[in-house]
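Report on the following structure.
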2 protein chains.
Amino acid sequence: MSRIEKPADSEPARSPPRAGKPTLKTIAELTGLAITTVSRALGNAPQISENTRRRVHEVAAEIGYLPDRAAQRLKTGRTNVISVLLDPHEEILGFGTSIMHGLARALQATPYHLIVTPNFLDGSNVDAVNYIIRNGMADGLIFSRTEPFDPRVRLLLENGFPFVTHGRTEFSTPHAFVDYDNFAFAYEAAKRLIVKGRRKVTIILPPKRLTFYQHMLHGFMTAVREAGIAYEIPETLDLDSPADMIRDYVRRRSAEPDAPDGFACPGEVSALATITGMSDQGFTLGTEYDIVAKQTSLLLSQIQPKVETIYEDLKAAGEAMGQLLLQRIVGEPVEDLTILQNPQFSFPTP
Amino acid sequence: MSRIEKPADSEPARSPPRAGKPTLKTIAELTGLAITTVSRALGNAPQISENTRRRVHEVAAEIGYLPDRAAQRLKTGRTNVISVLLDPHEEILGFGTSIMHGLARALQATPYHLIVTPNFLDGSNVDAVNYIIRNGMADGLIFSRTEPFDPRVRLLLENGFPFVTHGRTEFSTPHAFVDYDNFAFAYEAAKRLIVKGRRKVTIILPPKRLTFYQHMLHGFMTAVREAGIAYEIPETLDLDSPADMIRDYVRRRSAEPDAPDGFACPGEVSALATITGMSDQGFTLGTEYDIVAKQTSLLLSQIQPKVETIYEDLKAAGEAMGQLLLQRIVGEPVEDLTILQNPQFSFPTP
DNA sequence: CACAGAATTTAAAACGTTTTCCGTGCACTG
DNA sequence: CAGTGCACGGAAAACGTTTTAAATTCTGTG
């Protein structure tokens, strides 16, 4: 309305700090009740008569009252904030973003906000966790890519801080997690390659320090042993290797004798890199070699249908993590808060 | 220390709500000063003698004091929060994540936290903006994919709320933005295709409603007209089309007479889809046709070096947006707060 | 019809800051 | 040495909520 006060834009162009924002007091005056009563009525406290409860809710809705987060947080100590630790490795291919959309959906109708704490470029992830615990920056924590004895998990367990990981650990104390069944993925992927009649299979594994390295290796080896088929595992390569390194490796190896003709690729980038490396050597997908890849977006199957894909629904994972965390925060026993996602062979309609 | 109170884990496993956290009062007692003085000393107020100022800072550092965000926010009305509007279209290829890492870097040494407000799955983006303005949920806003008369921008301008967009608008009132020079990209891409001796060029454009649709079209057409070369522009397709749709279109078109042999692809997905479509028809990249693509990760050039790429540094864009927003919040005049990123022909070392 | 007890409502304190308004004590001036 | 001004520091109020403890009204009973 009146914008006369400030001469030019040398001043912060903010509306007068929270002018006229309705508070409990506003409602109290409007209804003639005390602030306490209003607060209780909105909180659906038992000792408030149904009558006033309804009246207060009506007025609140009418004037568009929304509790002040700062005041609530100051008073109660609860932040109504969920923090997501973002890993640099998640930069590619929307990994982080998918999970976040899922999380957001889970937090949709709750008072929780999602704040992202990117692996402070200098310090390690552990520092970020420490910071959040120490200074009560959030009510709960979400992160991924766990190690068997992940220091972040240890820290959180020691402090009894609510969290959900994407990935399992090997601590004896249980904790909430959502994980994809990477054993099943690797087993199924190898199996499919074998069924297609491939002579020798290979797999690009995650970095050794991550928990799901073991899971994948195990699933792959189980299928290989059951079928008694030849296999090999690249030692100089992992899922985090740059795409050109993977491509070059595949190209080189495929020119040597006894090269594998079946590839399990637990990521879209590695699959694309493999396709390029092989086609550089003149091999054609689907006839001379096959790929079974894990897919987290629709990209791969849309571009190159000859790649067989197994889907991991990251958005669903994010949503599940959000729900588990909410339960964890209200004190649900940890034991029930673990989810193992099954590999999916058909795709969700988005 | 004592954790006897609660019987089992039917209760939130939180440490006693903010027990023993140092406050201004703690410092006041330790130094024998008044709370007021401590507050002033930490805020480097002029009326405090250098001596006490130093002493307070020392004690504060020693006991690891950190101001309570809730109290600050309640008192001052400033939230110390920057909100990022996340678009569903940014799910793919780490678009959102790159920008967020950049933002995070810019906010690194500031008190600002980054909270992500994903396009509330039901309501439109405008509702989210409205919600944030109305309820003072943040001190500033960041979002992307602007339209010429973007309703979000209009709303923010009307309310004098600080924000920075990724992308320009056509409002006469100026506002802070960071944008990529898509005119230059399209011009350069077409130019390169022409230099390579292509006979007929084409480009996959963004959705018509977005501002940079115009920029790209204009850049492309300028190069085409200068060279007097044949061109065509797919009408049924845009950058947001699913990859398989792009692939099928390219496949179909390339089998018809007078097909284009030079493709400008302003995204990695569209480039990959084009490659697949063309190679399905037996055309080989680099000899029978060429692609110049915009690349926002290292993926494309690492996988398929025969694609010529022009780089858009999204992390840098994010960082710039963060910096601009900070300046905007302290009231810097808007006119100086616009950045046009130049297309980059060499890659940053990450 | 007075009164115990339940049912409902209220006043006031507290959370940790920032800020407005004052009170010191001191060094000068005249 | 009274008075003036300045440099420094402090008391107290306020932000909007939740919560503790207490006050009020209402009910039915004897």
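Because the structure is predicted, anything quoted here is derived from the model rather than measured. Each chain gets a letter, A, B and so on, in the order its sequence line appears, and its residues count up from 1.
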- Message: So if I take every side-chain heavy atom of A:Thr52 and compare against C:dC21, C:dT9, D:dG16, which nucleotide ends up nearest?
- Response: C:dT9
- Task: With the side chain counted from C-beta on, respond yes when B:Leu33 and B:Val56 share a heavy-atom pair under 4.5 Å apart, and no when they do not.
- Result: yes
- Item | Contacts of type side-chain contact (heavy atoms from CB on, under 4.5 Å), residue B:Pro151, not counting sequence neighbours | B:Val126, B:Glu147
- Message: What's A:Ser49 touching, base or sugar-phosphate or nothing? Going by heavy atoms closer than 4.0 Å.
- Response: sugar-phosphate
- Message: Could you tell me how far apart A:Ile35 (CD1) and C:dA12 (P) are, to the nearest whole angstrom?
- Response: 12 Å
- Item | Under-3.5 Å donor-acceptor pair between A:Arg53 side chain and C:dT9 base | no
- Task: Take A:Thr79 and A:Asp139 through the side chain to side chain donor-acceptor pair (under 3.5 Å) test and state the conclusion after the steps.
- Result: CA-CA 6 Å; A:Thr79 62; A:Asp139 296 340; 2.8 Å; yes
- Query: In degrees rounded to 10°, what angle is found between the helical axes fit to the five outermost pairs at each end of the helix from C:dC1-D:dG30 to C:dG30-D:dC1?
  - Reply: 70°
- Validation row: B:Ile339, B:Asp179 side chains within 4.5 angstrom (heavy atoms): no
- Is there a side-chain contact between B:Arg69 and B:His113 (heavy atoms, below 4.5 Å)? yes
- Using a heavy-atom cut-off of under 4.0 Å over every strand shown, decide if B:Ala34 touches base, sugar-phosphate, or nothing. sugar-phosphate
- Query: To the nearest angstrom, how far is A:Ile48 atom CD1 from D:dT19 atom P?
  - Reply: 14 Å
- Under-3.5 Å donor-acceptor pair between B:Arg73 side chain and C:dG16 base: no
- Item | Distance-only donor-acceptor test, A:Arg69 side-chain atoms vs D:dT18 base atoms, 3.5 Å | no
- Query: In whole angstrom, what separates B:Arg78's CZ from C:dT19's C1'?
  - Reply: 12 Å
- A:Ser39 vs D:dT18: side-chain N/O to OP1/OP2 distance below 4.0 Å: yes
- At under 4.0 Å between heavy atoms, what does B:Thr36 touch on the DNA or RNA strands: base, sugar-phosphate, or nothing? base
- Message: Just the rounded figure in Å: distance from P of D:dC26 to CD of A:Glu50.
- Response: 19 Å
- Message: Measure CD/A:Gln72 against P/C:dA14 and give the value in whole Å, please.
- Response: 21 Å
- Flag the pair B:His175 / B:Phe163 as yes when their ring centroid distance falls below 6.0 Å, and as no otherwise. yes
- Checking D:dT17, C:dT10, C:dT18 against the side chain of B:Lys75 (C-beta onward), the nearest is C:dT18
- Message: Between C1' on D:dC15 and CG on B:Asn80, what's the gap in Å once rounded to a whole number?
- Response: 15 Å
- Closer than 4.0 Å, any side-chain N/O of A:Thr76 to the OP1 or OP2 of C:dC15? no
- Task: Send over the distance from B:Ile27 CD1 to C:dG16 P, rounded to a whole Å.
- Result: 13 Å
- Message: Using whole Å, what does the distance between atom C1' of nucleotide C:dG16 and atom CD of B:Glu29 come to?
- Response: 13 Å
- Query: Among B:Asn159, B:Thr117, B:Leu141, which one satisfies side chain to side chain contact (heavy atoms under 4.5 Å, CB included) with B:Val129?
  - Reply: B:Leu141
- Item | Test item: A:Arg78 and A:Gln72 side chains (from C-beta on) under 4.5 Å apart, heavy atoms | no
